[in-house]
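Notes follow once the structure below has been shown.
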Number of protein chains: 2
Amino acid sequence: MSRRAYGQYCGFARALEMVGERWALLIVRDLLIGPRRFTDLRRGLPRIPTNVLAGRLKELEEAGIVQRRVLARPDGSVVYELTDYGSELEDVVLRLGRWGARSLGEPRAGEIITPDAIRLALRATFDPARARGVRASYELRLGPVIVNARVDDGRLVVGGGPLPEARLVIETGPAIRALMAGELSPAEATASGAVLLTGDPHGLDQFVELFRIGR
Amino acid sequence: MSRRAYGQYCGFARALEMVGERWALLIVRDLLIGPRRFTDLRRGLPRIPTNVLAGRLKELEEAGIVQRRVLARPDGSVVYELTDYGSELEDVVLRLGRWGARSLGEPRAGEIITPDAIRLALRATFDPARARGVRASYELRLGPVIVNARVDDGRLVVGGGPLPEARLVIETGPAIRALMAGELSPAEATASGAVLLTGDPHGLDQFVELFRIGR
DNA sequence: CTGGATCCCTCACGATACTG
DNA sequence: CAGTATCGTGAGGGATCCAG
C-alpha cells in the first residue's frame with residue numbers, strides 16, 4: 001500500500017488521496033479561475049517548489065482532475081486546465097474558502113494577495129439572492145492587485161485587471177476583510193481612509209451587501 | 001513563517017492550514033458522527049500513528065474546530081467533539097465524499113471499511129428530495145460492520161449497530177458501491193448473490209433510489 | 001484499559017541550481 | 001518557458017513504552 005493511501009474504502013478518503021496533498025487544492029483553486037501555464041501557477045503560488053508543482057500537476061492529471069493541453073502554434077506553450085470532474089470541486093473550494101475566511105484575521109507578516117485568490121474570494125462570498133435585479137460593476141484594487149466584478153441580476157462575472165467602465169473603483173488593502181465581515185462599516189472605512197472610492201460614494205454599501213463573509 | 005503556512009492572505013489557504021494536514025479531515029469525518037475518545041478515533045483510523053493523532057487533535061483544538069471534554073465521574077474519560085465551527089465542515093466533507101466516491105472503483109488490497117465511514121457515506125449519498133413521503137428502515141451489514149438507517153419523510157437518521165425492527169436487512173460487501181452507483185441493478189445484485197436480503201425483496205430498489213453515488 | 005509520549009527511520013517536501 | 005536534478009530537513013510511519 002502506497003505511503004499516501006489511507007487504507008480505507010471510503011469516498012472521502014479517496015478524495016483526500018487525490019487532492020489532499022499539500023498544495024494540490026491551491027492549484028485547483030487557481031485553475032478554477034481559468035487555464036494556467038506552469039509559470040502562471042508559479043506566480044500564483046510563489047512559495048511552491050517547482051518540483052512539487054510539477055509533481056502535483058502530474059498526479060492531478062493521472063487522477064483525471066487536470067488536463068495538460070499544448071496550445072496551437074506558433075507559441076506552442078502548455079496550459080493546464082481542469083477537467084469536468086476537476087471542475088466539480090468548485091463548490092467544495094468555495095465553501096471551504098468561506099469557512100476559512102472567518103478565521104483569517106489580520107494578514108500575517110509576509111502574506112501576499114494574489115489575483116486568483118481575490119477572484120475566487122469574490123465568487124465565494126457573492127450572494128446571488130441579494131443580487132436579484134441588481135446591476136453593478138466594480139474595479140477592486142488591493143495594492144498592486146487589480147480585479148473587477150460585474151453583477152447583473154444575480155449573476156457574477158469576475159475578471160482580472162482594470163475595468164474602465166466600472167461604476168465604482170474600490171482602492172483598499174486588507175481592510176477589505178473587516179469590511180466584508182461586517183466588522184467595519186462602509187462609512188467608517190471611507191472616513192478613516194482605509195478605503196478610497198472613485199465613483200458612486202454609496203456604491204460601497206451595495207458592495208458589502210453583495211459580497212459578505214460569514215453572516 | 002511557519003512551515004505549513006502557505007503565505008497567502010486567502011480564506012481558502014487559511015482553511016487548508018487548519019484542516020489540510022494529513023489525517024485532519026478524516027478525524028473531522030469521524031467526529032461528524034459524534035464525540036469520540038482517543039481510542040475510538042484510533043480504531044476508526046487504524047493506520048494513523050498515535051503521535052500524529054495526538055498532534056492533530058491539539059491543532060484542531062487550537063484552531064477552535066475540536067473541543068476536548070472530560071466526562072463526569074466515575075469513568076472520567078476524555079472525549080473529543082466538534083465545536084459549532086467545526087461542525088460547519090459537514091457540508092464540505094459530505095460533498096468531497098460524494099466527489100471522491102466516483103473514483104472509488106473496487107477496493108484495493110488491505111483497504112478496510114469502518115462504521116463511521118459508512119455512516120458518513122449514507123448521509124452523503126442520501127437524497128432528501130426522493131425521500132419525500134417515504135418511511136423506511138434498513139440494517140446494513142458489510143462484513144463485520146453493521147449500521148442502520150431510518151428514513152422518515154425526507155429525514156435520515158443513521159446509527160451504528162443492528163436495528164431489529166428494520167424493514168430490510170441488506171447483507172453485502174463492496175458490491176454496495178456498484179449498486180449505489182447504478183452500475184449493478186438490484187435484481188442482478190440479488191440474483192448473483194452479491195447482496196443478501198432479509199425482508200421486503202423490493203426494498204432494495206427503494207434503497208438505491210434513496211442513496212446514490214454520482215447520478 | 002485509556003491516553004497518550006518517545007524513539008528511530010524514512011520519505012515527502014522545501015530550497016535552489018540547472019537545463020532543453 | 002517548463003520543467004528536472006540535487007540535497008538537506010522535518011513531518012509522518014511504525015513500534016514501543018509509560019502514567020493514570
Side-chain angles (χ1 to χ4, degrees), chain A residues 1-8 13 16-27 30-31 35-63 66-81 110 112, chain B residues 1-8 13 16-27 30-31 35-62 66-81 110-112:
Chain A
M1 179 165 302
S2 115
R3 183 183 175 80
R4 75 190 330 167
Y6 287 106
Q8 305 207 354
L16 291 183
E17 289 169 4
M18 292 191 288
V19 298
E21 300 296 304
R22 196 160 164 70
W23 294 106
L25 279 177
L26 283 174
I27 295 170
D30 282 10
L31 293 180
R36 291 288 182 267
R37 290 174 305 173
F38 191 90
T39 309
D40 299 330
L41 291 168
R42 276 189 75 175
R43 247 194 299 279
L45 307 167
R47 295 170 59 92
I48 193 174
T50 60
N51 56 349
V52 173
L53 176 56
R56 289 292 171 271
L57 286 170
K58 203 161 292 178
E59 293 157 11
L60 291 170
E61 195 181 348
E62 282 165 11
V66 161
Q67 53 191 324
R68 195 175 189 275
R69 186 157 54 89
V70 179
L71 294 181
R73 284 285 168 191
D75 51 339
S77 69
V78 179
V79 293
Y80 295 90
E81 58 192 358
I112 62 165
Chain B
M1 180 164 303
S2 116
R3 180 185 171 79
R4 75 192 328 167
Y6 286 106
Q8 304 206 355
L16 292 182
E17 288 168 5
M18 292 191 289
V19 298
E21 299 296 304
R22 195 159 166 73
W23 294 107
L25 278 176
L26 283 173
I27 295 169
D30 283 10
L31 292 181
R36 293 286 182 268
R37 289 174 305 174
F38 191 89
T39 309
D40 299 330
L41 291 168
R42 276 188 73 173
R43 246 194 301 279
L45 307 167
R47 296 172 58 92
I48 194 174
T50 60
N51 56 348
V52 174
L53 176 55
R56 289 291 172 273
L57 285 170
K58 202 160 295 179
E59 293 158 10
L60 290 170
E61 195 181 348
E62 283 165 10
V66 161
Q67 51 192 322
R68 195 176 190 276
R69 185 157 55 91
V70 179
L71 295 181
R73 284 284 168 193
D75 51 337
S77 68
V78 179
V79 294
Y80 296 90
E81 59 192 357
E111 281 192 330
I112 63 166

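Order of the sequence lines sets the chain letters (A, B, ...), proteins ahead of strands, with each chain counted from 1.
Position along DNA chain D of the nearest nucleotide to Arg56(B) versus Asn51(A) favours Asn51(A) as the more 5'-ward residue. The residue among Ala54(A) and Ala5(A) whose nearest nucleotide of DNA chain D is located toward the 5' end is Ala54(A).
Among the heavy atoms of the strands lying under 4.0 Å from Arg68(B) are primed sugar atoms or P, OP1, OP2 only; no base atom is included. Here Arg37(A) lies in heavy-atom contact (under 4.0 Å) with sugar-phosphate atoms only. If you check every strand for non-hydrogen atoms under 4.0 Å, Arg4(B) touches nothing.
A straight line from CG of Leu53(B) to P of dG14(D) spans 14 Å, rounded to a whole angstrom. When rounded to the nearest whole Å, the span between CZ of Arg47(B) and C1' of dG12(D) equals 12 Å. When rounded to the nearest whole Å, the span between CG of Leu71(B) and C1' of dT2(C) equals 12 Å. The distance from atom CZ of Arg22(B) to atom C1' of dT10(C) is 14 Å, rounded to the nearest whole Å. Here dG3(C) presents its P atom at 15 Å from CG of Leu45(B), a figure rounded to the nearest Å. Regarding Ile48(B), its CD1 atom lies at a distance of 15 Å from the P atom of dG3(C), rounded to whole Å. Between Phe38(B) atom CZ and dG20(D) atom P the separation is 17 Å, expressed in whole Å. For the pair Arg69(A) CZ and dA2(D) P, the interatomic distance rounds to 13 Å; values are reported in whole Å.
Here CZ of Arg43(A) is found 5.5 Å from CG of Asp40(A). Values are rounded to the nearest 0.5 Å.
The two residues Leu60(A) and Met18(A) have their closest heavy-atom pair at CD2-O, 3.9 Å.
At least one cation-pi condition fails for Arg68(B) and Phe38(B): the charged atom is not both under 6.0 angstrom from the six-membered ring centre and inside a 45 degree cone around its axis.
Contact annotation: Tyr80(A) reaches the phosphate of dG3(D) (side-chain N/O to OP1 or OP2, under 4.0 Å). OP1 or OP2 of dG3(C) sits under 4.0 Å from a side-chain N or O of Thr39(B). Within the structure, every side-chain polar atom (N or O) of Trp23(A) is placed at least 4.0 Å from both OP1 and OP2 of dA12(C). Neither OP1 nor OP2 of dA2(D) sits under 4.0 Å from any side-chain N or O of Lys58(A).
Glu17(A) contributes a side-chain N or O that, together with a main-chain N or O of Tyr6(A), makes up a donor-acceptor pair within less than 3.5 Å.
No N or O donor and acceptor, one from the side chain of Thr50(A) and one from the base of dA2(D), sit under 3.5 Å apart.
For Arg22(B), the CZ atom is densely surrounded, since the number of other residues' heavy atoms within 6.0 Å is greater than 12.
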